[in-house]
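To find a chain, count down the sequence lines: A is the first, B the second, and so on, and within it residues start at 1.
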There are 2 protein chains.
Amino acid sequence: MTTKTSAAVCIDGWSGDLDTCPVRQVLDRIGDRWSLLLLLTLKDAPHRFNALGRAIPDISRRMLAGTLKTLEADGLIWRSVEATTPPSVTYGLTARGLSLIMALGPLVEWAFAQAPAILADRRRAGGAVSGVAIAP
Amino acid sequence: MTTKTSAAVCIDGWSGDLDTCPVRQVLDRIGDRWSLLLLLTLKDAPHRFNALGRAIPDISRRMLAGTLKTLEADGLIWRSVEATTPPSVTYGLTARGLSLIMALGPLVEWAFAQAPAILADRRRAGGAVSGVAIAP
DNA sequence: GTTTCTGGTCTCAGTTAGAGACTGCAAGCG
DNA sequence: CGCTTGCAGTCTCTAACTGAGACCAGAAAC
């Protein structure tokens, strides 16, 4: 289980090294706590740095800066700096970011439809409410 | 940014508390490093505990046990114990788990189509290769 | 003069994931 | 008989990651 053999199972029969599976690489990003939320906030309109912080109250500046940086590196958002004083930085969705949101549509619908039943099951199953919930 | 006002933005205009947004709750689960991989491994056939460990070589027993537990709590997989010695435990997909995989289809297609371009951008953008990648 | 705003970075603590040892029992092998 | 293997997990220790909040410098409002 610790030997990292290649040719492991992956999504849609990807048979290469696990770390190179494209779906894994993409989901690792958008599956984190903030990326998707940021993308969906930017979907309606471009936002400035602190405006994003206000729109998503429980993100820290540190994670906001870091997540924006990786989203930009992935070409999902753009970043533009206007040389005013103080310089104002604006972020917005790229075409690729928008296409990701579109691809997410069915999943979002599924989540909305299934959420009540899942939450009921989760409650019935016991206290396992957040994360992987290993016993303390 | 630290005041947790409710009525924050969420997916598809969810306006309640961020923690109750159904899409967030679902994505927090399937977005983690192992849930989706496990689900897709179980899609083809039911597996026993150690068989899953062999199919996904780089998961630790600890995360395997924990992730299976939460997937079961969410009603995405079933778990059946046969009282042999030693008892053998089998896991498989439920109908709900299968419906999630179906909903994931467009996202998987998108990821496959976009992965080369994203990886190229990521390389061009610099060393930000894994995770949020805050500078050391 | 003090506060507030701009976009971030830095440091410190707390939480979390991963590695690997450990449990107890049964079967296979020499 | 003794050794190893496999079963399904759990336990502990350490490494990594996350969140909270201080800090920067300049400008505008009060």
**Prompt:** Looking only at side-chain N and O atoms, does B:N50 come under 4.0 Å of OP1 or OP2 in D:dG6?
**Reply:** no

**Fill in**
Atom CG of A:L64 and atom P of D:dT18 are separated, to the nearest Å, by 14 Å

**Validation row: B:R29, B:D74 side chains within 4.5 angstrom (heavy atoms)** = yes

**Request:** State, yes or no, whether a side-chain contact exists between A:I77 and A:L38 at a heavy-atom distance under 4.5 Å.
**Result:** no

**Asked** A:W34 side chain N/O closer than 4.0 Å to the phosphate oxygens (OP1, OP2) of D:dG19?
**Response** yes

**Asked** In whole angstroms, how far is the C1' atom of D:dC13 from the CE atom of B:M63?
**Response** 16 Å

**Message:** With a 4.5 Å cut-off on side-chain heavy atoms, are B:I30 and B:L104 touching?
**Reply:** yes

**Request:** Let me know the distance between CZ of B:R48 and C1' of D:dG9, rounded to the nearest Å.
**Result:** 13 Å

**Asked** Just to confirm, is there a sub-4.0 Å distance from OP1 or OP2 of C:dA21 to any side-chain nitrogen or oxygen of B:R61?
**Response** no

**Complete:** From CD1 of A:I59 across to P of D:dG21 the rounded distance in Å is 15 Å

**Prompt:** OP1 or OP2 of D:dT10 sitting under 4.0 Å from any side-chain N/O of B:K69?
**Reply:** yes

**Item:** Side-chain N or O of A:R79 closer than 4.0 Å to phosphate OP1/OP2 of C:dG8
**Value:** yes

**Fill in**
Residue set satisfying salt bridge (Lys or Arg N to Asp or Glu O under 4.0 Å) with B:R96, at least two apart, ordered chain then number -> A:D121

**Item:** Between C:dT9 (P) and A:L68 (CG): distance, integer Å
**Value:** 10 Å

**Item:** Nearest-neighbour nucleotide for the B:S60 side chain, C:dG24, C:dG7, C:dA19 considered
**Value:** C:dA19

**Prompt:** Quick one: A:L52 CG to C:dG7 P, roughly how many Å, whole number?
**Reply:** 9 Å

**Min side-chain heavy-atom separation B:W34-B:L64 under 4.5 Å** = no

**Message:** Nearest whole Å is fine: how far is D:dC7 P from B:H47 NE2?
**Reply:** 13 Å

**Asked** Looking only at side-chain N and O atoms, does B:R62 come under 4.0 Å of OP1 or OP2 in D:dT14?
**Response** no

**Message:** What is the distance, to the nearest angstrom, from the CZ atom on A:R33 to the C1' atom on D:dA16?
**Reply:** 18 Å

**Asked** Does OP1 or OP2 of C:dC5 have a side-chain N or O of A:R54 closer than 4.0 Å?
**Response** no

